[in-house]
Peer 1: 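There's a structure below that I have some questions on.
Keep in mind that what you see is a predicted model, and the values were worked out from it rather than measured. Any value given below was found using the heavy atoms of this structure, including those in side chains, with hydrogens, waters and symmetry copies removed.
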Amino acid sequence: MNTHRSADAPPLLTLRDVHVEVAGSKILHGISFEVAATGVTALLGRNGVGKTSTLLATMGLLPRTGEIGFDGRRIDRERTHRIVRSGIGYVPEDREVFAGLTVTENLRLAERGPQPRYDVVYELFPELDKRGRQAAGTLSGGQQQMLALGRVLLADNRLLLVDEPTKGLAPQVVQQVAVALERVAAHTPVLLVEQNLAVVRRLALRAVVLNQGRVVHDGDARALLADAALTQRLLGVSTGEAA
């Protein structure tokens, strides 16, 4: 995995005045924020405020204007395959595994480079090794999420964009996914979209909150979640729900 970068290193990902408009509908209205070169940055907000669109725009999967920089160079004019090759891995919200293929076949399709890191994937998710011949469509939701994460971990990515990894999972599986992300984030920075605020509290150093396609808060994640009134106002949940 990637080695640690200094905590005072410049941000790895920067978005400056990024707009997204699809079919005449404006989704992002000039958002600007940074993703640190270490740890987890959480991208939060109610449903439909533009969190997934932000990840898709970063990956070049939605038309966008503004500037997106990765490790000091602009990527907003590049196609998705070049953005991926630059070292950004993307885990979509609905996992999007190939249901008719086996676990092993799903992983093989994600190989990039001469030495795919199966040792890393199987150390984090030994279940994938055991179920290599099983069709991905017959896996549980938690196992499919592990497969989706495993695909991006095969390559030595420098940044991961992870969208709602605990969505719809049982509490025990949420814990397993959170532990895996914690281990990954010790080496590779993560921009995480997540509704489970207990997971955010455990993992995130910083939190960026969107509302109606605009950044309305950017600061320390635990400080945000410790402020009941602010959490309620920005995210619509009480401190008890976030615990």
Peer 1: If every non-hydrogen atom of P165 is compared with every non-hydrogen atom of L181, which pair is closest and at what distance?
Peer 2: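 Taking every non-hydrogen atom into account, CG-CD1, 3.8 Å.
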
Peer 1: For the CG atom of L107 and the CG atom of L128, what is their distance to the nearest 0.5 Å?
Peer 2: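 Answer for the CG-CG pair, L107 versus L128, is 6.0 Å.
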
Peer 1: Identify whether the distance between the nearest side-chain nitrogen and carboxylate oxygen of D76 and R64 falls below 4.0 Å.
Peer 2: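 No, D76 and R64 are not salt-bridged.
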
Peer 1: Do Q195 and N47 have a side chain donor and acceptor closer than 3.5 Å?
Peer 2: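 Yes.
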
Peer 1: Per the salt bridge (charged side-chain N to carboxylate O under 4.0 Å, His left out) rule, what does the pair list look like for residues 87-103, sequence neighbours excluded?
Peer 2: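 For residues 87-103: E93-K167, D94-K167.
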
Peer 1: Holding to side-chain hydrogen bond (donor to acceptor under 3.5 Å, both in side chains), I want the full list of residues that pass it with R151, two or more places apart in sequence or in another chain.
Peer 2: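 Expected list: none.
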
Peer 1: With sequence neighbours left out, what residues match T41 under side-chain hydrogen bond (donor to acceptor under 3.5 Å, both in side chains)?
Peer 2: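 With sequence neighbours excluded, T41 shows a side-chain hydrogen bond (donor to acceptor under 3.5 Å, both in side chains) to no residue whatsoever.
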
Peer 1: Keeping to residues at least two apart or across chains, list the salt bridge (charged side-chain N to carboxylate O under 4.0 Å, His left out) pairs with something in residues 29-39.
Peer 2: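 Of all non-adjacent pairs touching residues 29-39, those that pass salt bridge (charged side-chain N to carboxylate O under 4.0 Å, His left out) are R16-E34.
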
Peer 1: What residue pairs, at least two apart or across chains, pass salt bridge (charged side-chain N to carboxylate O under 4.0 Å, His left out) with a residue in residues 45-60?
Peer 2: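 Sorted pair list comes back empty.
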
Peer 1: For T65, which residues count as a side-chain hydrogen bond (donor to acceptor under 3.5 Å, both in side chains) partner, sequence neighbours excluded?
Peer 2: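 Here no residue qualifies.
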
Peer 1: Tell me whether Q143 contacts the main-chain N or O of S140 through its side chain, where contact means a donor paired with an acceptor under 3.5 Å.
Peer 2: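 A pair under 3.5 Å: yes.
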
Peer 1: Mind listing the closest non-hydrogen atom pair of L230 and H217 along with its distance?
Peer 2: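 For L230 and H217, the tightest heavy-atom pair comes out as CD2-CE1, 3.8 Å.
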
Peer 1: Excluding sequence neighbours, so at least two apart, what forms side-chain hydrogen bond (donor to acceptor under 3.5 Å, both in side chains) with T52?
Peer 2: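 D163.
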
Peer 1: Nearest 0.5 Å, please: how far is CD in Q144 from CG in L149?
Peer 2: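 Atom-to-atom, L149:CG and Q144:CD are 12.0 Å apart.
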
Peer 1: Just do the salt bridge (Lys or Arg N to Asp or Glu O under 4.0 Å) check on E105 and R133 with the steps written out, would you?
Peer 2: CA-CA 8 Å; E105 288 167 340; R133 297 183 180 180; over 6 Å; no

Peer 1: Looking at S32 and D17, would you say the former's side chain and the latter's main chain have a donor-acceptor pair under 3.5 Å?
Peer 2: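 Flag set: sc S32 to bb D17 pair under 3.5 Å.
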
Peer 1: Report the residues that fulfil side chain to side chain contact (heavy atoms under 4.5 Å, CB included) with E21, sequence neighbours left out, ordered by chain and then residue number.
Peer 2: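 By the side chain to side chain contact (heavy atoms under 4.5 Å, CB included) rule, E21 matches K26.
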
Peer 1: Which residues pass the ring pair (Phe, Tyr, Trp, His ring centres under 6.0 Å) test with Y122, not counting sequence neighbours?
Peer 2: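 Partners of Y122 under the ring pair (Phe, Tyr, Trp, His ring centres under 6.0 Å) test: Y118.
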
Peer 1: If I take atom CZ from residue R74 and atom OG1 from residue T14, how far apart are they, to the nearest 0.5 angstrom?
Peer 2: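 One finds 9.5 Å between CZ of R74 and OG1 of T14.
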
Peer 1: Could you tell me which residues satisfy side chain to side chain contact (heavy atoms under 4.5 Å, CB included) with V152, sequence neighbours excluded, listed by chain and number?
Peer 2: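 V152 satisfies side chain to side chain contact (heavy atoms under 4.5 Å, CB included) with V91, N157, L160 only.
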
Peer 1: Report whether L154 and L109 are members of the same hydrophobic cluster (ILVMFWY, side-chain heavy atoms less than 4.5 Å apart, transitive linking).
Peer 2: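 In one cluster: no.
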
Peer 1: Hey, is the main chain of I83 close enough, under 3.5 Å, to the side chain of S86 for a donor-acceptor pair?
Peer 2: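 Yes, because the side chain of S86 sits within donor-acceptor range (under 3.5 Å) of the backbone of I83.
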
Peer 1: Give me the atom names and distance for the closest heavy-atom approach of L153 to R117.
Peer 2: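 Taking every non-hydrogen atom into account, O-NH2, 2.9 Å.
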
Peer 1: Pairs in or reaching into residues 8-46: which pass ring-ring contact (aromatic ring centres under 6.0 Å, His included), with residues at least two apart or in two chains?
Peer 2: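 Sorted pair list comes back empty.
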
Peer 1: How far does CD of Q176 sit from CD of Q145, to the nearest 0.5 angstrom?
Peer 2: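 So the CD of Q176 and the CD of Q145 are separated by 12.0 Å.
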
Peer 1: Give the minimum heavy-atom separation between I68 and T58, together with the two atoms involved.
Peer 2: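 Minimum heavy-atom separation between I68 and T58: CD1-CA, 3.9 Å.
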
Peer 1: Which salt bridge (charged side-chain N to carboxylate O under 4.0 Å, His left out) pairs, counting each pair once, include a residue from residues 205-225, with sequence neighbours left out?
Peer 2: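 Residue pairs passing salt bridge (charged side-chain N to carboxylate O under 4.0 Å, His left out), neighbours aside: R206-D218.
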
